Amino acid sequence: MNDKVFVFDTTLRDGEQAPGNQLNMVEKIEVAKALELLGVDIIEAGFPISSPGDFDSVVQISKAVTNPVICGLTRAIQQDIDVAVEALQYAKRPRIHTGIGVSPYHVISKLNSNYDEIIERGVAAVKYAKKFVEDIEFYCEDAGRSDNEYLARVVEAVIAAGATVVNIPDTTGYCLPHEYGAKIKYLMEHVPNIHKAILSTHCHNDLGMATANTMSGVINGARQIEVTINGVGERAGNTALEEVVMAIKSHKLGVHTGIVTPQLLQTSRLIQRLMNSPVQANKAIVGKNAFAHSSGIHQDGVLKNRENYEIIDPKDVGVDESSIVLTARSGRAALRHRLVLIGYSIDGEELDKTYQEFLRLADIKKEVNDSDLHVLMRKEKHEEKRAIKLESLQVVCGKSMIPSATVSLRINGEVKSETAMGDGPVDASYNAVKKLIPHTVRLQEFVIQGFNNGSDDFGKVNVQISCNNSVYYGFGADTDIVTASVEALIDAVNTIG
Ligand code: KIV
Ligand code: ZN
């Protein structure tokens, strides 16, 4: 039997609650629609009584999405439930998520109550909510630090009162995976009416165990997981949706989710952007380096058979091959593979030559991307047929100095050098080039741009020159912008007939 594990996303409630993660209404709707596309089963849209913003968020998200269940959080208090019912009035499939603390910390020192009274309050809340909404989820707050026997009594009572899902939160992120799994197993085996409800995991990441604990819960019988995109949430965050979903997909556990996994990267990026919280480069599944094999041995292995070094097909989570970086440690095979992907087919000597150029560039740039490779290939191709080639360039410039440049050009096989001054390093270099070339040219247009970003970026230069009443165009690119400028001028000069 292959059971479905329902995915309950709380990015917009537990995730948004964390400092710095607040979204405006337009952004919340954008996230809710992205979650719907991703295929989540339940969206926790807010805690309606907590603020007018949260109330409105539940109302607007209920109107904006169709497929997922829309859930509103409450405490086990009638007024909270009344407000949630009102906020959920437009939801096609509403759910109320009510509950109370069950650990000794919560029962005694937070709620100043006793264990029997907590059960009564929980049962009363479920019965009250059930009058308005059929789908009721009950959370046993701080279940991670509660006694399993008592927890079983709570779970049995709220299911008898009408709860259809019972949430077992490890609120403080305290549990170890085997403990959390044993808790779920205990409940599955000791709650007589457990077959009438689904147990849900809700793990926090204070000890970095959220994903492991959630998986342990699923392995032991939980059939709903409460998660957030990128694991956003208070303190160290909640369980990351993408991690558990891909762990379930990658292992034969007899369970599946309905998540459309190729949407994962896009959804992750949306949350990173809107919440202004980029994930670390080595973050599982959605980090920039999650599929980046930069060492030659790994790249070669992956090219021979992806599964040599990859347990997940990058495409399966929405990563295309172009995000795999090439570095100075990449081998010829990886370079060739990437060149083929972007439209250049080279082998033998040509590949050797390009590889040497690539290594020179990778030493300067650290990571070589597709735009860099296009420039490299363009340079290689043009180098062959050029009558004039730049041999060397030396520039002296700086504050309170008169810029000067010494340029050496190979013109029809013969190397010649000249030095000139100018009002900047590019002007000085251009004046030196003009002394060397056999034509009289005038610069008409000069445009310089970066490719991507960063101070190690390629500068690309486009020029327009005139000579004998005709116009010629040239292009140059280099990590040194003065070299790129001179290359662009020489490129244009080479086209003069
Ligand atoms: O962590 C927690 O216990 C919660 C509950 C309110 C579900 O977020
Ligand atoms: Zn929580």
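Reckoned from all heavy atoms, side chains included, excluding hydrogens, waters and symmetry mates. Counting convention: from 1, in listed order, for ligands and their atoms alike. Keep in mind that this is a model prediction, so the values were computed, not measured.
Comment: Glu30 engages Arg273 in a salt bridge, judged by a side-chain N to carboxylate O separation of less than 4.0 angstrom.
The backbone N or O of Ser62 sits less than 3.5 Å from a side-chain atom of Lys92, completing a donor-acceptor pair.
Relative orientation of the Phe132 and Tyr128 rings is perpendicular, given thresholds of 30° and 60° on the angle between their planes.
Listed by chain and number, Asp14 OD2, His202 NE2, His204 NE2 are the protein N/O/S atoms closer than 2.8 Å to the Zn ion (ligand 2), with waters left out.
You'll find the ring centres of Tyr139 and His97 inside the 6.0 Å limit.
Annotation: Lys130, atom NZ; neighbour count of heavy atoms from other residues, nucleotides and ligands within 6.0 Å is above 12. In the displayed structure, Lys33 atom NZ is contacted under 6.0 Å by at most 12 heavy atoms of other residues, nucleotides or ligands. Counting heavy atoms of neighbouring residues, nucleotides and ligands inside a 6.0 Å radius, atom CG of Leu199 exceeds 12 of them. For Gln266, the CD atom sits in a loose shell: 12 or fewer heavy atoms of surrounding residues, nucleotides or ligands are nearer than 6.0 Å.
Annotation: cation-pi geometry not satisfied between Arg223 and Phe6 (NZ/CZ under 6.0 angstrom from ring centroid, within 45° of ring axis).
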Show me a pair-per-line table, with atom names and distances to 0.1 Å, of protein N or O atoms that are under 3.5 Å from an N or O of ligand 1.
unit_1	atom_1	unit_2	atom_2	d
ligand 1	1 (O)	His202	NE2	3.1
ligand 1	1 (O)	His204	NE2	3.0
ligand 1	3 (O)	Thr171	OG1	2.7
ligand 1	8 (O)	Arg13	NH2	2.9
ligand 1	8 (O)	Asp14	OD2	3.1
ligand 1	8 (O)	His202	NE2	3.1

